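The block underneath contains the structure these notes are about, expressed in structure tokens.
Please read all numbers here as calculations on a predicted model, not as lab measurements. Numbering of residues begins at 1 and proceeds along the displayed sequence.
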Amino acid sequence: MPRINGTALFIAALVATVGALAFPVWYYADRSGTGEANLAAGTVATQWGPLSAADRDLIVRVRLAGLWELPAGQQAMERAPSEAIKEAADHLIVGHTDLDRRVRIIAAQLGVELPNQPNEQQQGWLREMTAASGVQYEYKFANLLRAAHGKIFPAIGAVRNSTRNTLVRQLASDANQTVLDHITVLEKTGRVDFDAIANDMVAGTTASPSGPPAPVPGQLVPSAPAAQATGDIKTTSRPSPGAPGTVNTKRPDPVDSQGVLG
């Protein structure tokens, strides 16, 4: 019977130990609760790329936005309490009519079921506006809609950043332009309560403020040098979007392969 020396036993034990330690490292990525597992959860394959749960959530939220903001805009147009409110209402109707057409086409292509009425919270907002009048109506209209747009704005950006689906990426780009346009024109009404919006955003947060130190009254800070390209650099593009309330998206029309528009 062959003898196994101590060195061979030590090497075998070392290999087994390293293997045991390495196993969780490569295996951990597939365990439930990790980032990779969360991304894969609920994700389905499509010809336009993986469709995640976050992608589907954005599709539904875009549809829901139109289901309450369109009637809100129509109501404001009919009441026409001021030209500024009427302008904002006009943008809501035009923007969400366009976005709703796009989201219905994309949802049909991706097999995502869409709601056909606003959710309970959105119905409550519509009731609040309907019950108001005069200056109070203008305040309700501007602030309820401005707050709703402000909350979906970062969600659109997050999906635009992370989605691997080309249809969802285009929808996020379109929604981003529309929401920015609506935020801008709602603010032009002069009825937005920015203090209330700021307080609502920080309600319940416990993290300490971050960023540069607060300015000292009367103390000048040095001017920052311009951040610009150097050398013989030729550029042709221009900053975008254009003037406030006049966002020109030049967005491509979606292909209605499912015949949603008839």
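When all heavy atoms are compared, the tightest approach of A175 to V62 is CB-CG2, 4.3 Å. Scanning both residues, D181 and H91, for their nearest heavy atoms gives OD2-ND1, 2.7 Å. Taking all atoms of both residues into account, the shortest heavy-atom contact from Q109 to V255 is NE2-O, 2.7 Å. The shortest heavy-atom contact between T43 and P50 is CG2-CB, 3.7 Å. Contact detail for A84 and K188: the closest heavy-atom pair is CB-O, 4.4 Å. The heavy-atom pair separating R169 from T163 by the smallest distance is NH2-O, 2.9 Å.
V185 and L145 sit in two unconnected hydrophobic clusters of ILVMFWY residues. Membership requires side-chain heavy atoms under 4.5 Å apart, directly or through other members. V44 and I106 fall within the same hydrophobic cluster, where Ile, Leu, Val, Met, Phe, Trp and Tyr residues are linked whenever their side-chain heavy atoms come under 4.5 Å apart, directly or through other members. Both F153 and L58 sit in one connected hydrophobic cluster of ILVMFWY residues. Membership requires side-chain heavy atoms under 4.5 Å apart, directly or through other members. Cluster annotation: I183 and I93 are assigned to distinct hydrophobic clusters (Ile/Leu/Val/Met/Phe/Trp/Tyr, side-chain heavy-atom contacts under 4.5 Å, transitive).
Taking 4.5 Å as the limit, every side-chain heavy atom of I59 sits out of range of all side-chain heavy atoms of E113. In this structure the side chain of P115 reaches within 4.5 angstrom of the side chain of L64, judged on heavy atoms. The closest side-chain heavy-atom distance from E87 to E83 is not below 4.5 Å. Two residues are said to be in side-chain contact when any heavy atoms from C-beta on lie closer than 4.5 Å; R191 and V135 meet this criterion. In this structure, the side chains of L92 and F141 come closer than 4.5 Å at one or more pairs of heavy atoms. In this structure the side chain of Y139 never reaches within 4.5 angstrom of the side chain of V192, judged on heavy atoms. Residues V103 and L99 have side chains not in contact (no heavy-atom distance under 4.5 Å, counting atoms from C-beta outward).
Remark: R56 CZ to L114 CG distance equals 12.5 Å, nearest 0.5 Å. Taken from OG in S173 to CD in Q177, the straight-line distance is 8.0 Å, to the nearest 0.5 Å. Between the CD1 atom in I156 and the CG atom in N161 there is a gap of 13.5 Å [rounded to 0.5 Å]. Atoms CG and CG, from N176 and L171 in turn, are 11.0 Å apart once rounded to the nearest 0.5 Å. Of the inter-residue distances, the one linking L126 atom CG with L144 atom CG reads 9.0 Å to the nearest 0.5 angstrom. T184 contributes atom OG1, which lies 4.5 Å from atom CG of L180 (distance to the nearest 0.5 angstrom).
Ion pairing of D174 with R160 is absent here, as no side-chain N (NZ or NE/NH1/NH2) approaches a carboxylate O to less than 4.0 Å.
T178 and D98 are not linked by any side-chain donor-acceptor pair at a separation below 3.5 angstrom, with hydrogens and angles left out of the test. One side chain, S52 or D55, offers a donor N or O that lies under 3.5 Å from an acceptor on the other.
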Next on the checklist: Apply side chain to side chain contact (heavy atoms under 4.5 Å, CB included) to residues Q258 and L110 and explain how you reach the verdict.
Outcome noted: CA-CA 10 Å; Q258 302 299 312; L110 295 175; over 6 Å; no
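Listed by chain and residue number, N119, W125 satisfy the side chain to side chain contact (heavy atoms under 4.5 Å, CB included) test with Q121 (two or more places apart in sequence, or in another chain). By the side-chain hydrogen bond (donor to acceptor under 3.5 Å, both in side chains) test, R63 pairs with D100, N116, sequence neighbours left out.
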Let me have the donor-acceptor pairs involving side chains of residues 66-78, under 3.5 Å, with sequence neighbours excluded, atom names and distances please.
from: E69; atom 1: OE1; to: H96; atom 2: NE2; distance (Å): 2.4
from: E69; atom 1: OE1; to: H149; atom 2: NE2; distance (Å): 2.9
from: Q74; atom 1: NE2; to: E78; atom 2: OE2; distance (Å): 3.2
from: Q75; atom 1: OE1; to: Y137; atom 2: OH; distance (Å): 3.0
from: Q75; atom 1: NE2; to: T130; atom 2: OG1; distance (Å): 2.9

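Within 6.0 Å of atom CD in E128, more than 12 heavy atoms from other residues, nucleotides or ligands are found, so the atom counts as buried in its surroundings.
Checking each of N165, V168, D57 against V159 for a side chain to side chain contact (heavy atoms under 4.5 Å, CB included) leaves exactly one that passes, namely V168.
For D256 (side chain) and I105 (main-chain N/O), no donor-acceptor pair under 3.5 Å exists by modelled atom type.
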